[in-house]
Amino acid sequence: MSARHFDSHDKILLLQHGSTELLALAQRRGVELHKLLSGTSIFEQDLQRPHGRLHHADWLKLLHNCQHQLKSPELPFLLGNAMLNSRYIAVCQSLQYAKNLRQALCHLYYFRHQLFPGLYARLYQQNDHIVIEFKAALGLASQQPFMLTIACSLLLSLIKQQLGSLAGVSVQLQHDSAEHQLWGCELSVNQPCDTLRIPLPLWQHAFHDADAEQFKAARRTCRQLNHVLIKQRGVLESISRLQQRALPQLLSQEQVALALGLSNSALKRLLSRHDTNFARLIDEVRRDAARNLLQQGQYSNRQLALKLGYSDEHNFRRAFKRWTGLIPSSFKGMFHFN
C-alpha cells in the first residue's frame with residue numbers, strides 16, 4: 001500500500017486558512033489585490049468561496065508577492081496573530097478554547113495539515129522543557145523562514161493570550177534575523193535546528209478562555225474539514241519518516257519510490273522540484289538522528305555509528321564533523337539552549 005503524501009501542486013490549503021488574512025493585511029497597507037494574486041492560479045471570486053482551496057505553490061507565491069510589495073518585516077508576525085484570532089479557522093478557535101497548552105498543542109499537531117501543511121514538528125521533553133522542533137514537509141525555498149515565523153508567532157501569541165506571559169519560553173533558530181526580537185521572548189540563533197522551548201510547568205496551566213463545550217464544537221468542525229482536506233504528509237516528511245523507521249538500515253531510492261507509489265524516475269523529478277535529492281535526504285535523516293541520540297548522552301561513537309547505519313566509527317565521526325564542524329563529544333558539550 002503506498003504512503004499518502006502531497007506535493008506543492010496539490011490543493012491542500014483552504015484560502016480562509018491564512019491566505020485571506022494575508023491579503024487583508026496587505027490591502028490595508030495599500031497594495032492592490034491583482035498585484036498580490038499575480039502569478040498564482042487564484043481568482044478574486046475564489047476568495048469568497050467557503051471551501052475555496054489553493055495549491056501550496058500558490059501559497060508560497062502569495063507570500064513572495066506580499067513580501068515584495070510591502071517589504072514589511074513585521075508581516076509574518078502580524079499574520080500569525082491574525083490567523084490565531086480568525087473566526088474562520090476552526091483549528092485556531094479550538095486552540096483558544098482548550099483547557100491548557102498540552103491539549104491545545106496535541107490538537108494542533110493532529111490537525112496541522114489544515115493550517116501548516118508545509119511544516120511538520122517533533123514534540124519531545126528535554127529536561128524541564130517541552131521542545132517543538134520544526135521541519136519542512138516539502139520544499140519551501142526562500143519562504144521557509146517566513147513560514148517558520150508565522151507558525152512561531154501564532155504559538156507565542158496563543159501562550160501570551162492564554163497564560164499572560166512568555167516568561168521562560170524561548171526560540172532557537174538556525175539563522176539570525178533582527179526582526180525576530182518582535183516576539184518579546186528569549187531568542188538564540190546559529191542553533192542546530194529551529195525549535196520553540198516551553199517550560200514544563202506551563203504545559204498544564206489552565207487557559208484563560210478554556211471552554212470545554214466550545215472546544216468540542218470547534219474540534220467537530222475540524223473533523224468535518226478532514227473530508228475536504230484529507231490528512232496527508234508532505235513528500236519530504238514522508239520520505240524522512242520512511243528512512244527513520246528503517247534505521248539502521250537505509251531504504252534504496254527504488255524502495256522509497258515503491259512505498260510512495262511512484263516510479264524511480266518520477267521520484268527523482270519530484271525531489272528535484274523541491275530543490276533536494278535522495279542522498280541529501282538520507283544525510284539529513286542521519287544528522288537529525290545523531291543529534292537526537294547525542295542529547296540522550298548514553299551512547300558511544302561506536303554505538304551511534306551502528307544505530308545510524310555506518311560501517312564503522314570513523315565514517316560516522318567524519319560525517320558528523322561535516323555536519324557540525326565538531327566531533328561528537330565536543331558537540332554534546334556545546335549543545336544547549338541559552
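Because only heavy atoms are used, hydrogens play no part in the values below, and waters and symmetry mates are left out as well, while side chains stay in.
The pair R49-D46 counts as a salt bridge, with a side-chain nitrogen and a carboxylate oxygen less than 4.0 angstrom apart. A salt bridge between D7 and R273 is present, with a side-chain N of the basic residue lying under 4.0 Å from a carboxylate O of the acidic one.
Summarising the geometry of S157 relative to N81, their closest heavy-atom pair is OG-OD1, 3.4 Å, with the distance given to 0.1 Å.
Residues H175 and P145 are not in side-chain contact: their nearest non-hydrogen atoms beyond the backbone lie 4.5 Å or more apart. Side-chain contact between L105 and W203: present, with at least one pair of heavy atoms (C-beta onward) separated by less than 4.5 Å. Between V235 and I239 the shortest side-chain heavy-atom distance falls below 4.5 Å. Contact check for L293 versus L308: side-chain heavy atoms found under the 4.5 Å cut-off. For the pair V256/L281, no side-chain contact is recorded, criterion being any heavy-atom separation below 4.5 Å from C-beta on.
Annotation: cation-pi pair R286/Y310 present, NZ/CZ under 6.0 Å from the ring centroid and within 45° of its normal. For the pair R317 and F320, the cation does not sit on the ring face, since its NZ or CZ is not both under 6.0 Å from the ring centre and inside 45° of the axis. At least one cation-pi condition fails for K216 and Y97: the charged atom is not both under 6.0 angstrom from the six-membered ring centre and inside a 45 degree cone around its axis.
The 12-atom threshold is exceeded at CZ of R122, counting heavy atoms of other residues, nucleotides or ligands nearer than 6.0 Å. Environment of CZ in F146: crowded, with over 12 heavy atoms of neighbouring residues, nucleotides or ligands closer than 6.0 Å. Within 6.0 Å of atom NZ in K135, more than 12 heavy atoms from other residues, nucleotides or ligands are found, so the atom counts as buried in its surroundings.
The main-chain N or O of F316 is never found under 3.5 Å from a side-chain atom of N301 such that the two would form a donor-acceptor pair.
Listed by chain and residue number, N85 satisfy the side chain to side chain donor-acceptor pair (under 3.5 Å) test with Q161 (two or more places apart in sequence, or in another chain).
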Q.
Could you go through F215 and H107, starting from their C-alpha distance and side-chain angles, then the distance that decides it, and tell me whether this counts as ring-ring contact (aromatic ring centres under 6.0 Å, His included)?
A. CA-CA 10 Å; F215 178 79; H107 179 78; 5.2 Å; yes
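Residue Y88 shares its hydrophobic cluster (ILVMFWY side chains chained together at separations under 4.5 Å) with no other residue.
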